[in-house]
Amino acid sequence: MSTHPLYAKIASKRYGETPYKEVWEEIRYRAETGKYIIRGFGYSGRLPHFDDLLLVPAHLAPPAPVDTYREKVDTSVVIGGGMVEKPVKLQTPVLIAAMSYGATSREFKLACAKAANMTGTATNTGEGGMVFTVKDNGEIEYTEYQYTKPNGYLAVQFASGRWGVSIDYLLNSDIIEVKYGQGAKPGMGGHLLGEKVTEEIARTRGIPVGTDCLSPSRHMDIRSLEELKKVIGIIRDVIGYEKPVGIKFGPGRVYKDVYMAAQCDIDFVAVDGKYGGTGASPDHAIQNVGLPTIAIIPAADRALRDAGVRDSVTLIALGGFRDGGDVAKALALGADAVALASAIEIAAGCTLCGQCSLGKCAVGICTQDPELRKRFGGGKGIDQGALWISNYIHAVTKEVAQIAAAIGHKSIKEFNKEDLRAITVEAAAISGVKLAGLEDYVLPQWKWF
Amino acid sequence: MWASIHLVFRNPYIYCGKYAHSGITVVSVAVSEVEIDASNLSLREVNAKIREAVGRGLRVHLKNASHIYGLAAGLKSGDIVIDGDAGDYLAMLNGGAKITVNGNAGDYVADGAWSGEVIVKGCVGYGASMYAYGGVLVVYGDAGDAVGQILKGATVIVNGCAGDSIGLYMVGGDIIIVGDAGKLVGDWMIRGCIYVGGKYESLGNNAKEAELTDDDIKKLSNLFNKYNVKADPSKFKKIVPLSLRPFYG
């Protein structure tokens, strides 16, 4: 029996509209290799995000807008203002998020540190230890820390693998961040493949060259809240009670996690949302595990309030920030500051190829290859990379200040949820922001918070 | 601050006066050892006193410190002797101190240490020498589960027996159990060696027994002689990784 000439086209078109069409290559890859997919960057697709929220400007009804051409908007943020002897005083709410040395190059890490100095913000070592230099006399120079001075700050991570974590690592820092998770692969720990563990990375991480660096999904020496309290107490003790200590979570049971963390005498908590990036993570985790950033910020804010520590604990949000609009919306949702990783990499020249895990980054960011590292900063090196990153942070900070002014705020600390309206029901429901037009919450439960 | 602690001057010797500025009434005769009674002191108070004493070149003799966790954490040098038991996280992040416990220690002794020497005359709890990059931990009694997990390069000697899951994810260093070990020895180990003098219940994933070499026997002999461990190195079983790339291989 002959088929109609249109049948094949119709069948193909109809079948092509199924969800399988989009993932045909992924299924074939798994079939041919028996492996799951590892890639860089964050969630791919459409989740409720900052684009679903809009900011509400001021006009006749007070407060009046601030004139940004002659009136200054305060963009400063203090971390550790309540308890420590050396609080961190940032000039901008935009921090550089944790990206590990090993996953990324020495040039990129030092450009981030230099940009932190140029903008008065903080950068973060990530979990792979700190970039250092062995001087001719054998002394260790903590280069990454020094590059942040005199105006910037360096946060060091205390993560589940403890790569490069020593007493000197903690002492040569401004902030200590105990890492529990990250946005791209919450609950999964980390893994730097042996290919990236060059002689220099091995020295930094204190292991043999070529060894896989596995960061377990949980801290092996912290099995309870009581033990977490002890470890944070010890960290505070060894650094002389001078510097802020906090905890970073991925987008999991954020309210409970943050509420428990608030019992641990911390100065800040960081929560990383679903658009959070990665150097190398399983695609199935990136796409399926974790919650949107706009849902976790209000949950973390509420947990700190319920725990009675909101005034003393700084809330830092991560996960999918691109511009001043995103930052302003996060501050209005309850964050005090934000930290950016993917956007910082793009500012430094990343082309979003997504093949970070291969160690063959063509722009010298996610590689340890000496030849490829020469391409960093468009071939001009650390100074150019630092300039691009600092330009980007300066621009985003100005955008945040202009938005604050348009809303009538003289300080970014004045941002609040009434500055926002949601334009989708989903975003309104998960973030607790009033729906535009309705001018009310779509779920009555939000009125109770 | 120093007025509040109980000082016992031992082994007085003639002193050049370099450190005679800090409150202890010493003019021409200094002390080589200071005794601290930690009975009513907090972590912050005890460690501050230890650091000040170490900074002044004094040996520290500590007692009644079993309630303190994080005792002697993050020291880069010093000689600390603890009479009685010590709490959890003793000598965490040790950067070079010698710490001797004339009793038992709690969980996570020498956690994340980089160098130095921790000697425990009694037993230790869970997770001894986790994450440790360097230095030596010697336990003359038994150790609990999880000895040397994610060990990076330190040497751990347990003169008694150890529990389950020793050497999980270890990437370097040596774990030496003179007595018996429990289940899952060397589970998912990536580098390093485990030596067991007695029996073990089971090997973990990615762990296998290997032949003892002359270098192994020499290494064990040197350590046993140094730390007065009575054992025959040639009788030990050596456990090493099955594959050097057990993940994503």
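Chain letters run A, B, ... following the sequence lines, proteins first, then strands; residues in each count from 1. On a predicted model such as this, the values are computed, not experimentally measured, just so you know. Scope of the values below: all heavy atoms of this structure, side chains included, with no hydrogens, waters or symmetry mates.
Contact annotation for B/Arg44: both backbone and side-chain heavy atoms come within less than 4.5 Å of a heavy atom of chain A. With a 4.5 angstrom heavy-atom cutoff, A/Tyr241 touches chain B only via side-chain atoms. Neither the backbone nor the side chain of B/Asn94 comes within contact range of chain A; no heavy atoms are under 4.5 Å apart. For A/Leu171, the part lying under 4.5 angstrom from a heavy atom of chain B is the side chain only. Of the two parts of B/Leu75, neither the backbone nor the side chain holds a non-hydrogen atom closer than 4.5 Å to a non-hydrogen atom of chain A. Looking at A/Arg205, the atoms closer than 4.5 Å to chain B (heavy atoms on both sides) all sit in the backbone: N, CA, C or O.
Within 6.0 Å of CG in A/Asn288 there are more than 12 heavy atoms belonging to other residues, nucleotides or ligands. For B/Lys183, the NZ atom counts as loosely surrounded, since its 6.0 Å shell holds 12 or fewer non-hydrogen atoms of other residues, nucleotides or ligands. The environment of CE in A/Met83 is crowded: more than 12 heavy-atom neighbours from other residues, nucleotides or ligands sit within 6.0 Å. For B/Glu211, the CD atom counts as loosely surrounded, since its 6.0 Å shell holds 12 or fewer non-hydrogen atoms of other residues, nucleotides or ligands. A/Glu199 CD: 12 or fewer foreign heavy atoms inside a 6.0 Å radius. For A/Lys86, the NZ atom counts as loosely surrounded, since its 6.0 Å shell holds 12 or fewer non-hydrogen atoms of other residues, nucleotides or ligands.
A salt bridge links B/Arg51 with A/Asp237: the closest approach of a Lys/Arg side-chain nitrogen to an acidic carboxylate oxygen falls below 4.0 angstrom.
We find the CD1-SG distance between B/Ile190 and A/Cys213 to be 8.0 Å, quoted to the nearest 0.5 Å. In this structure, CE in A/Met220 is found 5.5 Å from CE in B/Met130, a value given to the nearest 0.5 Å. Rounding to the nearest 0.5 angstrom, the gap separating the CD1 atom in B/Ile150 from the CD1 atom in A/Ile207 is 11.5 Å. From A/Asp212, atom CG reaches atom CH2 of B/Trp188 across 12.0 Å, with rounding to the nearest 0.5 Å.
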**Item:** Check against side-chain contact (heavy atoms from CB on, under 4.5 Å), B/Tyr108 and A/Glu227
**Value:** CA-CA 10 Å; B/Tyr108 313 114; A/Glu227 290 186 346; 2.8 Å; yes
**Request:** Could you give me the CA-CA distance, side-chain angles and deciding distance for A/Lys230 and B/Leu43, then say whether side-chain contact (heavy atoms from CB on, under 4.5 Å) is met?
**Result:** CA-CA 10 Å; A/Lys230 288 181 179 179; B/Leu43 166 72; over 6 Å; no
**Message:** Assess the residue pair B/Tyr131 and A/Trp163 against the criterion (side-chain contact (heavy atoms from CB on, under 4.5 Å)); give the C-alpha distance rounded to whole Å, side-chain angles, the decisive distance to 0.1 Å, and a yes or no.
**Reply:** CA-CA 9 Å; B/Tyr131 295 110; A/Trp163 304 109; over 6 Å; no
**Item:** Verdict with supporting geometry, A/Asp168 and B/Lys76, side-chain contact (heavy atoms from CB on, under 4.5 Å)
**Value:** CA-CA 9 Å; A/Asp168 284 326; B/Lys76 293 185 183 180; 2.4 Å; yes
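Inter-residue side-chain proximity for B/Leu93 and A/Ile235 is flagged as unmet; no heavy-atom pair is nearer than 4.5 Å. Side-chain contact check for B/Met92 versus A/Val238: every heavy-atom pair is 4.5 Å or farther apart. Within the 4.5 Å cutoff, no side-chain heavy atoms of B/Trp114 are placed close to those of A/Ile167.
The two atoms that bring A/Gly164 and B/Tyr133 nearest to each other are N-OH, 2.6 Å, heavy atoms only.
Remark: the backbone N or O of A/Asp221 is paired with a side-chain donor or acceptor of B/Tyr89 at under 3.5 angstrom.
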